[in-house]
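I have placed the structure first, in the form of structure tokens, so that the comments after it can refer back to it.
Numbers restart at 1 for each chain; the letters A, B, ... are given by sequence-line order, proteins then strands.
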Amino acid sequence: MASSVGSWARRNRYLLARRCVQLGVLLAFYGTLHWGWSVFGEPLLAGNLSGSTLLGTIPLADPFALLQILMTGHVPLLEIFVGAAIVLGVYGLVGGRSFCAWVCPVNIVTDAGEGLRQRLQVKSGFRLPRHIRYVVFGLSLLLSALLGVAAFEWVSPIGILHREVIYGIGFGLAMLVGILIFDATVLRHGWCGHLCPLGAFWAQVGRVAQVRVAFVEASCTECGDCLKVCPEPQVLNLKAAARAGMVRSGECTNCARCIAACPEGSLAFALRARIRSVPPIRPGAAAPP
Amino acid sequence: MSTYTGRREFLKRMAQGAGVATTGGLLWSFLLGQQRHARANMLRPPGALNEPDFAATCIKCGQCVQACPYGTLSLSPSGAEVPIGTPSFSPRDVPCYMCVDIPCMQACPTGALEHDLERIEDARMGVATIDHESCLSWQGLRCEICYRECPVRNDAITVENRPRRTSGHALFVPVVHASHCTGCGICEYVCPTEVAAIHVLPPELVQGKIGDHYLLSNDAEVDADGGPSASPAGDHDAVPGLEYLNEGER
């Protein structure tokens, strides 16, 4: 019994780690506001995902929210630029859409939607091209400029969920239930995988991200287990991944489902710089110059 | 996605894409228009920019809410009568106690709460208005609680003597002076009537504007209030029409 729990935990180690980070970030915000959590007398993490202050001194801000504010023609204080730059730098290192899989609270909702979908055995009927998120991203900026308010921030389920958990519940949780049902019954991976403009923003940052999923073609048996669990299967183009030695697309969320699913251990996290230096090994085939 | 089969298919897809974007954009704009509606008596924290600029600049992070030591401010949840995720306060619940260091404003990372407010007494969150018909002082009682609790009493609220006919004693009624009222709402909070007889409302909802072309008498009080006589006084050339009227005098 104990060993089966242990093996379950090992198989789901990345899932557990992601949930810990997601809930931990939420708890840090919540605890700072409601229980006065502090370190050396400074509030631990004041604010929410849109903008916050770490340890009373380090500003953090959502660069996409800043971008929308700038599109309205307003220039905010320097503090928010510094905060956005720090956040941009961090996700530039750990992988743009790592935000989506490791921090964003809506990910828990959409994962639940996917779980529900599998339990109900819903057939996928409705389809939408994945790149529609870039249309939504463009619309966010266009509407911000036209209407004079940060367009996505005013309807964002991410902001709503985070704010209403931290600052008090409102009608907004209905929107989250809506997303859950949409993902479960209408469009598979609908919100995170097709529509969210914040995901589109981080996908662009992810093109230069340092932490990537490395792929070793030599041990791959092409069983396809990774593709079955991947929420963004278009990024798992194994031929392209073999050439690059890694999953290159910024749309990869670094969720590590594929790493956990791969029976051969052909997929693993690695730094981009390291991956480049690994020569392609394939028994019987000549290595390219 | 299927492959494109010629120009016709390409154009069809482009038209579909444009259709989806336009429909989505219009629906989204409608939602944003709905979200911007606010109840008339919504009060923003001290130093807030005017409402359109505030709405554009506020990043909805709630750091002002956390900085307030009295729990005055709250972030609006969706579906409330205040634009989503933005801070406001209701003085009948918790008023603004006018901290001298204005921590809410200092906490704002975007400048939606403008950082150049130096004295909290210069804040203009709202203006108190009195309903004479439910104000106890106006009924002849010596209430005056609003006056006594006002943090800038004798400037923002004064008590004026209002003689009556021989049948009754004089009234002592509170009078609000908008030029000094910060809109903190302590008066509304302490008002003892069942529904407060003194309400703090956003200045633009209450205040009129005389207009620069009126030349009032050079009354010292008018000057002190920043009234319109302050600027044209001693500079009659600036008043339109005046030169023409005085031509014969020169």
For each of [options], tally heavy-atom pairs with chain B at distances under 4.5 Å, and name the one with the top tally.
{"options": "A:Ser144, A:Ala46, A:Pro43, A:Gly148", "answer": "A:Ala46"}
{"options": "A:Gly83, A:Gly138, A:Ala151", "answer": "A:Ala151"}
{"options": "A:Val135, A:Thr72, A:Thr53", "answer": "A:Thr53"}

Item to complete: Decide if atom CD of B:Glu133 counts as having more than 12 heavy atoms of other residues, nucleotides or ligands within a radius under 6.0 Å.
Response: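 Atom CD in B:Glu133 is not packed in, count stays at 12 or less.
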Among the options [options], pick out the one with the most heavy-atom pairs lying under 4.5 Å from chain A.
{"options": "B:Gly17, B:Cys108, B:Gly25", "result": "B:Gly25"}
{"options": "B:Leu49, B:Thr86, B:Val20, B:Asp53", "result": "B:Asp53"}
{"options": "B:Ser74, B:Ala67, B:Cys61, B:Pro77", "result": "B:Cys61"}

Worksheet item: Measuring heavy-atom distances to chain B, does A:Phe152 have an atom under 4.5 Å in its side chain, in its backbone, in both, or in neither?
Response: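 Looking at A:Phe152, backbone and side chain both touch chain B.
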Discussion item. Under 4.5 Å from any heavy atom of chain B, what part of A:Val82 do you find: side chain, backbone, both or neither?
Written reply: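 Neither part; nothing is under 4.5 Å.
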Worksheet item: Among all residues two or more places apart in sequence or in another chain, which pass the side chain to side chain donor-acceptor pair (under 3.5 Å) test with A:Ser249?
Response: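 Side chain to side chain donor-acceptor pair (under 3.5 Å) list for A:Ser249, sorted by chain: empty.
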Worksheet item: Below 4.5 Å, heavy atoms only, C-beta onward: do A:Tyr167 and B:Gln66 meet side chain to side chain?
Response: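 A side-chain contact exists here, since the closest heavy-atom pair is under 4.5 Å.
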Worksheet item: Is there a side-chain contact between B:Trp28 and A:Val136 (heavy atoms, below 4.5 Å)?
Response: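 They are in contact (side-chain heavy atoms under 4.5 Å apart), so the answer is yes.
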Worksheet item: Listed by residue number, which members of residues 174-197 of chain A have a heavy atom under 4.5 Å from any heavy atom of chain B?
Response: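 Not one residue of residues 174-197 of chain A has a heavy atom under 4.5 Å from chain B.
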